[in-house]
K.L.:
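One structure, pasted below without further comment.
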Amino acid sequence: MLCLNQQYLSNNLAIYPEHLDHDPGANGVGGYGDLYPANSASIIITQGSSFTDMPFVNAALTTIAAFDPDLLTELIRKRLLMTTVQAVMRQSLKTVKSEADYLTSKAHPVVFDGANLDEEKMVIAAHSMTRPAVPPVVLIRAVSESDAKPGRDFFEKPAITSERLSDTPLNIARVFRANDSEHELTVATAGSGDMMNRPLSFKWVLLQGDPALVSIRPDDKGGATIRVKWHMPMTGASGIRSHRVDIGVFANNGVSTSAPAFITFYMLPNENRFYDDKGRVNEIYYEAPNPELGLPDTDSDMRWLDVLRAFAEREDNLRGKLIAQALRADALKGIEKIWLSFKPRRAALEHLQKDETKKDDAAKMKTALEKDIAVGISGPAPDAEKETLRQMIARGFNRIANTAELFPTLQRDIEKLATQSTASNAPADLAASVKRLIDLGILIEQAGGAISTVHSSDKLTAGERHQLRCLNLTILSQALYPDALKRSTAPLWGDPRLTTPKAWRDLMRYDADGNPAGWLRYYNRRMFRFDAEGRLLPEGSGKPEPMTYSEENGRLVFSAPVEK
């Protein structure tokens with residue numbers, strides 16, 4: 001990141017396609033979501049693969065050519081060329097309709113869609129720009145922040161010693177590792193400047209994240225103190241899941257507004273955290289399951305026909321009974337009507353596709369069918385207000401997934417359906433998901449193999465309910481509706497350069513005054529007690545033992561240090 005910043009402030013701008021780093025889906029089914037741990041104005045990343053970057057390259061070059069020659073010379077001499085180009089490009093996006101829009105996520109995504117690029121507007125803005133209208137440059141510096149100690153506040157290989165990912169004048173990036181309730185960071189903007197040395201005002205904006213979990217308190221010198229709580233995965237209008245909080249700071253010289261500097265916080269995808277009613281962390285899972293339901297990513301996907309069939313042609317078994325309980329009868333009747341309108345067309349297409357001499361006709365029929373599927377899925381749901389058919393279907397599946405006692409209550413039926421599933425790995429995937437929750441102390445295996453939850457339904461914690469929901473998602477996709485739902489059953493992928501998976505669950509403990517008192521760790525069907533300093537408390541008498549962490553078979557493990 002430092003290299004990109006140095007290039008950017010030396011009149012260079014990197015432009016790259018995202019290729020597989022920013023797509024809908026999870027764990028490779030569809031895509032991997034948003035894998036970028038930071039956002040930065042020193043680079044333009046484009047949606048898609050090779051050549052999706054070229055429209056941005058061309059737009060940057062034509063914009064540079066449109067500057068008045070004398071102004072261009074001064075921009076280059078003062079190393080303001082690319083900071084100006086970035087401000088012009090972001091302010092000219094088709095999604096930016098007003099000055100207010102510029103101070104929102106509409107102008108500052110981590111990845112840019114070429115459909116929103118407006119090269120003509122950029123060229124006009126550059127051609128008409130005068131010296132007083134050149135945007136200022138905002139530079140930032142971390143002044144102070146929360147201190148996280150490895151082995152006490154977070155657990156990683158010895159090479160990872162802090163939460164710092166980047167500290168540059170244009171980007172401060174942190175990986176949220178600590179088991180504390182929030183990360184606090186104070187940032188200064190003292191190095192910011194303007195071509196004409198005018199006084200600057202500053203605007204701090206939450207570009208991505210939950211306002212209820214982020215506090216930004218500006219000071220009278222242009223800086224701010226930021227407090228961020230851990231976030232669950234966020235899914236935007238694009239359907240792409242992200243794990244990053246983006247905060248932008250902008251400088252204004254009274255005439256124009258700068259390109260942003262970013263403060264970002266990355267939540268490790270393979271971690272889950274849950275808070276108590278006092279705002280304190282009370283559960284942490286370090287090998288988070290995939291939360292994706294598994295519906296098709298696009299509205300035109302032919303798999304929607306299998307989804308519609310699951311709701312319309314209800315079998316006289318557990319599958320059908322659960323669907324009947326998930327939505328009202330009138331809603332199901334409406335879905336059945338939609339399915340029946342598509343059913344003969346699907347049969348006709350499948351018949352045509354078998355004829356090698358009619359491939360062109362089959363392709364045209366498929367395109368027309370996909371177009372009509374998209375209209376139906378994105379259109380209004382039957383007998384529902386302000387809900388699309390996609391949303392209604394998701395609501396129905398989610399109602400089943402949110403039934404905490406689904407597997408313990410229907411274990412034998414579910415296991416039988418898994419053996420009959422079209423998903424070849426269904427029995428193994430189901431068994432692995434159940435074993436995982438037993439290892440974490442959420443499920444208990446009784447004599448004879450019967451499974452029950454560790455607590456009654458009304459006493460399950462938020463974290464336990466989340467883990468049971470993810471087990472139910474595996475049941476839905478592998479045993480109940482494998483043709484309709486396609487998802488990865490593996491834990492969420494985390495970049496191995498940033499973290500190592502940990503197959504345990506920590507339940508935080510607090511003393512009577514609310515101070516951290518340690519945690520209980522559930523790992524491999526055992527419970528371990530730790531004090532607030534991260535030392536293992538032995539059973540019975542004995543001194544607390546400090547722990548060391550190392551990687552073993554791709555996962556982090558802990559052990560007492562070996563005495564020499």
K.L.:
Please tell me whether T489 and Q478 have a donor and an acceptor in their side chains that are separated by less than 3.5 angstrom.
P.N.:
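No, because no side-chain N or O of T489 sits under 3.5 Å from a partner of the opposite role on Q478.
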
K.L.:
Using salt bridge (charged side-chain N to carboxylate O under 4.0 Å, His left out) as the criterion, point out the one residue from R505, R521, R509 that pairs with E283.
P.N.:
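That would be R505.
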
K.L.:
Would the F265 and F176 ring centres measure less than 6.0 Å apart?
P.N.:
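Not close enough - the centres of the two rings lie 6.0 Å or further apart.
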
K.L.:
Measure the CD1-OG1 distance between I247 and T264 for me, rounded to the nearest 0.5 Å.
P.N.:
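Reported value, rounded in 0.5 Å steps: 9.0 Å.
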
K.L.:
Using a 3.5 Å distance criterion without hydrogens, assess whether the side chain of S421 forms a donor-acceptor pair with backbone atoms of L417.
P.N.:
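Checking the backbone N and O of L417 against the side chain of S421, no donor-acceptor pair under 3.5 Å is found.
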
K.L.:
Take atom CG of D360 as the centre, draw a 6.0 Å sphere, and report whether it contains more than 12 heavy atoms from other residues, nucleotides or ligands.
P.N.:
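Counting neighbours around CG of D360, 12 or fewer heavy atoms of other residues, nucleotides or ligands fall under 6.0 Å, so no.
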
K.L.:
May I have the step-by-step check of salt bridge (Lys or Arg N to Asp or Glu O under 4.0 Å) for K359 and D361, ending in yes or no?
P.N.:
CA-CA 5 Å; K359 286 185 177 181; D361 292 338; over 6 Å; no

K.L.:
To the nearest 0.5 Å, how far apart are CG in L117 and CZ in F112?
P.N.:
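Taking CG in L117 and CZ in F112, the distance rounds to 9.5 Å.
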
K.L.:
Is R525 atom CZ crowded by more than 12 heavy atoms from other residues, nucleotides or ligands, each under 6.0 Å away?
P.N.:
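Yes - once you tally the heavy atoms of other residues, nucleotides and ligands closer than 6.0 Å, there are more than 12.
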
K.L.:
If you round to the nearest 0.5 Å, how far is CG of N116 from CE of M89?
P.N.:
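Going from CE on M89 over to CG on N116, the span is 10.5 Å.
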
K.L.:
For the residue pair N27 / N290, report whether a side-chain donor-acceptor contact shorter than 3.5 Å exists.
P.N.:
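No donor-acceptor contact under 3.5 Å links the two side chains.
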
K.L.:
Look only at the side chain of T409 and the backbone of L406, and say whether a donor-acceptor pair between them is shorter than 3.5 Å.
P.N.:
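It does not hold such a pair.
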
K.L.:
Decide yes or no on side-chain contact (heavy atoms from CB on, under 4.5 Å) for S378 and T388, but give the supporting numbers first.
P.N.:
CA-CA 6 Å; S378 61; T388 65; 5.6 Å; no

K.L.:
Going by atom types only, do E405 and T453 share a side-chain donor-acceptor pair under 3.5 Å?
P.N.:
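E405 vs T453: donor-acceptor pair found between side chains.
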
K.L.:
In sequence, state the C-alpha distance, the side-chain angles, and the governing distance for L322 and L480, and then conclude on side-chain contact (heavy atoms from CB on, under 4.5 Å).
P.N.:
CA-CA 9 Å; L322 290 174; L480 295 175; 3.7 Å; yes

K.L.:
For E18 and T46, test the side chains for any donor-to-acceptor distance below 3.5 angstrom and give the result as yes or no.
P.N.:
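Judged by distance alone, the side chains do not pair up.
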
K.L.:
Minimum heavy-atom separation for A362 and Q353, please, with both atom names.
P.N.:
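Looking at all heavy atoms of both residues, the closest pair is CB-CG, 3.9 Å.
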
K.L.:
Is there a donor-acceptor pair under 3.5 Å between the side chain of S341 and the backbone N or O of I338?
P.N.:
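Between the backbone of I338 and the side chain of S341 there is a qualifying donor-acceptor contact (under 3.5 Å).
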
K.L.:
Counting only heavy atoms not in K94, do more than 12 sit closer than 6.0 Å to its NZ atom?
P.N.:
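Counting neighbours around NZ of K94, more than 12 heavy atoms of other residues, nucleotides or ligands fall under 6.0 Å, so yes.
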
K.L.:
When you measure from the side chain of D276 to the backbone of R280, do you find a donor-acceptor pair of N or O atoms at a distance under 3.5 Å?
P.N.:
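Checking the backbone N and O of R280 against the side chain of D276, a donor-acceptor pair under 3.5 Å is found.
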
K.L.:
So which atom in L476 and which in I400 form the shortest heavy-atom distance, rounded to 0.1 Å?
P.N.:
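Smallest interatomic distance, heavy atoms only, reads CD2-CG2, 3.8 Å.
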
K.L.:
If I compare all heavy atoms of R555 with all of T500, which pair ends up nearest, and what's the gap?
P.N.:
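Closest pair (atom of R555, atom of T500, distance): C-CG2, 3.7 Å.
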
K.L.:
At what distance, to the nearest 0.5 angstrom, does CG of D180 lie from CE of M508?
P.N.:
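One gets 8.5 Å once the value is rounded to the nearest 0.5 Å.
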
K.L.:
Please verify the inter-ring angle class for Y285 with F274; under 30° counts as parallel, over 60° as perpendicular, anything in between as tilted.
P.N.:
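Judged by the thresholds at 30° and 60°, the geometry between Y285 and F274 is perpendicular.
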
K.L.:
Let me see the working for T52 and Q47 under side-chain hydrogen bond (donor to acceptor under 3.5 Å, both in side chains), right down to the final yes or no.
P.N.:
CA-CA 7 Å; T52 59; Q47 186 64 47; over 6 Å; no

K.L.:
Would you check, one step at a time, whether the test salt bridge (Lys or Arg N to Asp or Glu O under 4.0 Å) holds for K343 with E313?
P.N.:
CA-CA 11 Å; K343 184 177 180 179; E313 296 182 352; 3.0 Å; yes

K.L.:
Check whether any side-chain heavy atom of L340 sits under 4.5 Å from a side-chain heavy atom of E336, and report yes or no.
P.N.:
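With C-beta onward as the side chain, the pair touches.
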
K.L.:
Between D101 and K97, is there a salt bridge with N-O shorter than 4.0 Å?
P.N.:
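D101 and K97: not salt-bridged.
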
K.L.:
Can we say R328 and D330 salt-bridge, meaning some charged N sits less than 4.0 Å from an Asp/Glu carboxylate O?
P.N.:
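Salt bridge: yes.
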
K.L.:
Quick one: do R177 and E156 make a salt bridge, cutoff under 4.0 Å?
P.N.:
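Looking at R177 and E156, the cut-off is met.
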
K.L.:
Do W493 and N270 have side-chain heavy atoms sitting under 4.5 Å apart?
P.N.:
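They are not in side-chain contact.
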
K.L.:
Using only atom types and a distance under 3.5 Å, with no angle test, would you say the side chain of D53 pairs donor to acceptor with the backbone of F51?
P.N.:
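Present.
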
K.L.:
Please check if any side-chain donor atom of N472 sits under 3.5 Å from a side-chain acceptor atom of T403, or the reverse.
P.N.:
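No, no side-chain donor-acceptor pair sits under 3.5 Å.
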
K.L.:
In terms of side-chain geometry, is the basic nitrogen of E551 or K157 positioned less than 4.0 Å from the acidic oxygen of its partner?
P.N.:
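Salt bridge flag = yes for K157 with E551.
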
K.L.:
If every non-hydrogen atom of R497 is compared with every non-hydrogen atom of I160, which pair is closest and at what distance?
P.N.:
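Between these two residues, the closest heavy atoms are O-CD1, 4.4 Å.
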
K.L.:
To the nearest 0.5 Å, what is the distance between CG on N317 and CG on D413?
P.N.:
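Separation between the atoms: 9.0 Å.
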
K.L.:
Walk me through it: do K354 and E350 pass the test salt bridge (Lys or Arg N to Asp or Glu O under 4.0 Å)?
P.N.:
CA-CA 7 Å; K354 295 176 182 178; E350 291 174 348; over 6 Å; no

K.L.:
Tell me whether the count of non-hydrogen atoms from other residues, nucleotides or ligands lying under 6.0 Å of CZ in R526 goes above 12.
P.N.:
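No.
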
K.L.:
Is there a side-chain contact between Y32 and D23 (heavy atoms, below 4.5 Å)?
P.N.:
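The answer is no; the side chains never approach within 4.5 Å.
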
K.L.:
May I ask you to test the L498-L165 pair for a side-chain heavy-atom distance under 4.5 Å?
P.N.:
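Contact flag for L498/L165 side chains = yes.
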
K.L.:
Quick one: does any side-chain atom of R319 pair with a main-chain N or O of A479 as donor and acceptor, under 3.5 Å?
P.N.:
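A pair under 3.5 Å: yes.
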
K.L.:
Is any side-chain heavy atom of I475 less than 4.5 Å from a side-chain heavy atom of L410?
P.N.:
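Side chain of I475 against side chain of L410, heavy atoms only: no contact under 4.5 Å found.
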
K.L.:
Counting neighbours of NE2 on H351 that are heavy atoms of other residues, nucleotides or ligands and sit closer than 6.0 Å, is the number greater than 12?
P.N.:
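Counting neighbours around NE2 of H351, 12 or fewer heavy atoms of other residues, nucleotides or ligands fall under 6.0 Å, so no.
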
K.L.:
Pick from P24, S238, S242: which one makes a side-chain contact (heavy atoms from CB on, under 4.5 Å) with D34?
P.N.:
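Checked P24, S238, S242 against D34; only one passes side-chain contact (heavy atoms from CB on, under 4.5 Å): S242.
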
K.L.:
Could you pull out the closest heavy-atom pair between S456 and D458, with the gap in Å?
P.N.:
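Heavy atoms only, the tightest pair is OG-OD1, 2.5 Å.
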
K.L.:
Do N179 and R273 get their side chains close enough for a donor-acceptor pair, meaning under 3.5 Å?
P.N.:
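Per modelled atom types, N179 and R273 side chains form no pair under 3.5 Å.
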
K.L.:
Quick one: does H108's side chain get under 4.5 Å of R90's, heavy atoms only?
P.N.:
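Yes; the side chains approach each other to less than 4.5 Å.
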
K.L.:
Between F397 and F311, does the ring centre distance come in under 6.0 Å?
P.N.:
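Yes, the ring centres sit under 6.0 Å apart.
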
K.L.:
Passes salt bridge (Lys or Arg N to Asp or Glu O under 4.0 Å), E387 versus R395? Steps please.
P.N.:
CA-CA 10 Å; E387 187 176 40; R395 178 163 59 84; 2.8 Å; yes

K.L.:
Is L440 close to R436 at the side-chain level, that is, under 4.5 Å between some pair of heavy atoms?
P.N.:
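Answer yes - side chains close enough.
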
K.L.:
Of the non-hydrogen atoms in L308 and I393, which two are nearest, and what is the gap between them?
P.N.:
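In this case the closest contact between L308 and I393 is CD2-CD1, 4.0 Å.
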
K.L.:
Scan K486, R241, R487 and name whichever one has a salt bridge (charged side-chain N to carboxylate O under 4.0 Å, His left out) with E292.
P.N.:
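Only match with E292 under salt bridge (charged side-chain N to carboxylate O under 4.0 Å, His left out): R241.
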
K.L.:
So, does W304 use its side chain to make a donor-acceptor pair with the main chain of T298 at under 3.5 Å?
P.N.:
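Indeed, once roles are kept as given, a pair shorter than 3.5 Å links the two residues.
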
K.L.:
Of W519, Y522, F558, which is the lone residue that meets ring pair (Phe, Tyr, Trp, His ring centres under 6.0 Å) with F528?
P.N.:
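With F528 as partner, ring pair (Phe, Tyr, Trp, His ring centres under 6.0 Å) holds for just one option, F558.
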
K.L.:
Would you say that Y481 contacts D306 through its side chain, given a criterion of any heavy-atom pair below 4.5 Å between the two side chains?
P.N.:
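A side-chain contact under 4.5 Å is absent here.
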
